[in-house]
Amino acid sequence: MKHISHNHTDTCEFCPFFKDYDELNGRGWCLAFETQARKYHVKSSICELLGQNCTVMVQLYTRAEEDDGNGHPVPVDSRLFKISVAQPTKEDVEAKIRQLFDLNQWEIHSFWEPSGQFEI
């Protein structure tokens, strides 16, 4: 079996979305995908897409709704995460989100640059 070598910075350890638990086994948390990760994992092509250009916070709501107990419909679930896009436009954000989520089940509620200068 051939060993594939990767650049050391191509691993989760050097990803801005990786939260290190400082454990001996390298375990941590991927903030982009809300899942367990390891320092030594090689970044995927989707991870590389997340790491380009400008950073935008995105709030997604599920299209499924439930009653809040007062007769008002509210989303069943929501997610907040960071992505990187070429420009903080609705078109760029939607294109990036479509690579990560099924927008038949989720909708973009809002997005903004973390500096707070842009919101839709």
Working to the nearest 0.5 Å, report the span between OG of Ser84 and NZ of Lys96.
6.0 Å

In sequence, state the C-alpha distance, the side-chain angles, and the governing distance for Phe101 and Phe81, and then conclude on ring-ring contact (aromatic ring centres under 6.0 Å, His included).
CA-CA 12 Å; Phe101 290 92; Phe81 58 95; 5.2 Å; yes

Could you state the interatomic distance from CD (Glu66) to CG (Asp77), rounded to the nearest 0.5 Å?
9.5 Å

Kindly compute the distance separating CD (Glu94) from CD (Gln99), expressed to the nearest 0.5 Å.
12.5 Å

Give me the atom names and distance for the closest heavy-atom approach of Asn25 to Tyr40.
O-CE2, 3.7 Å

Between Arg63 and Leu103 (side chain of the first, backbone of the second, donor and acceptor by atom type, cut-off under 3.5 Å), is there such a pair?
yes

Between Leu60 and His109, is a side chain to side chain contact (heavy atoms under 4.5 Å, CB included) present by the stated rule, with each step listed?
CA-CA 5 Å; Leu60 293 181; His109 176 263; over 6 Å; no

Could you tabulate the donor-acceptor pairs under 3.5 Å formed by side-chain atoms of residues 14-21, not counting sequence neighbours?
from, atom 1, to, atom 2, distance (Å)
Asp20, OD1, Asp22, N, 2.7
Asp20, OD2, Lys39, NZ, 3.3

Whether Asn70 side chain and His72 backbone form a donor-acceptor pair below 3.5 Å
no

Which pair of non-hydrogen atoms, one from Thr55 and one from Pro114, has the smallest distance, and what is that distance?
O-CD, 3.3 Å

Run the numbers on Gln36 and Arg27 for side chain to side chain contact (heavy atoms under 4.5 Å, CB included), then give the verdict.
CA-CA 7 Å; Gln36 181 178 305; Arg27 194 168 62 104; 3.5 Å; yes

Applying side chain to side chain contact (heavy atoms under 4.5 Å, CB included), run through Leu80 and Met57 and close with a yes or a no.
CA-CA 7 Å; Leu80 176 67; Met57 298 297 297; 3.9 Å; yes

Correct closest heavy-atom pair for Val85 and Asp92 would be CG1-O, 3.7 Å

With rounding to the nearest 0.5 angstrom, report the SG to CZ distance, Cys12 to Arg38.
11.0 Å

Could you walk me through whether Phe111 and Ile97 pass the side chain to side chain contact (heavy atoms under 4.5 Å, CB included) test, one step at a time?
CA-CA 11 Å; Phe111 65 92; Ile97 294 297; over 6 Å; no

Can you sort out the partners of Ser78 under side chain to side chain contact (heavy atoms under 4.5 Å, CB included), two or more places apart, ordered by chain and number?
Gln59, Tyr61

Closest non-hydrogen atom pair, Val76 against Thr62:
N-OG1, 3.2 Å

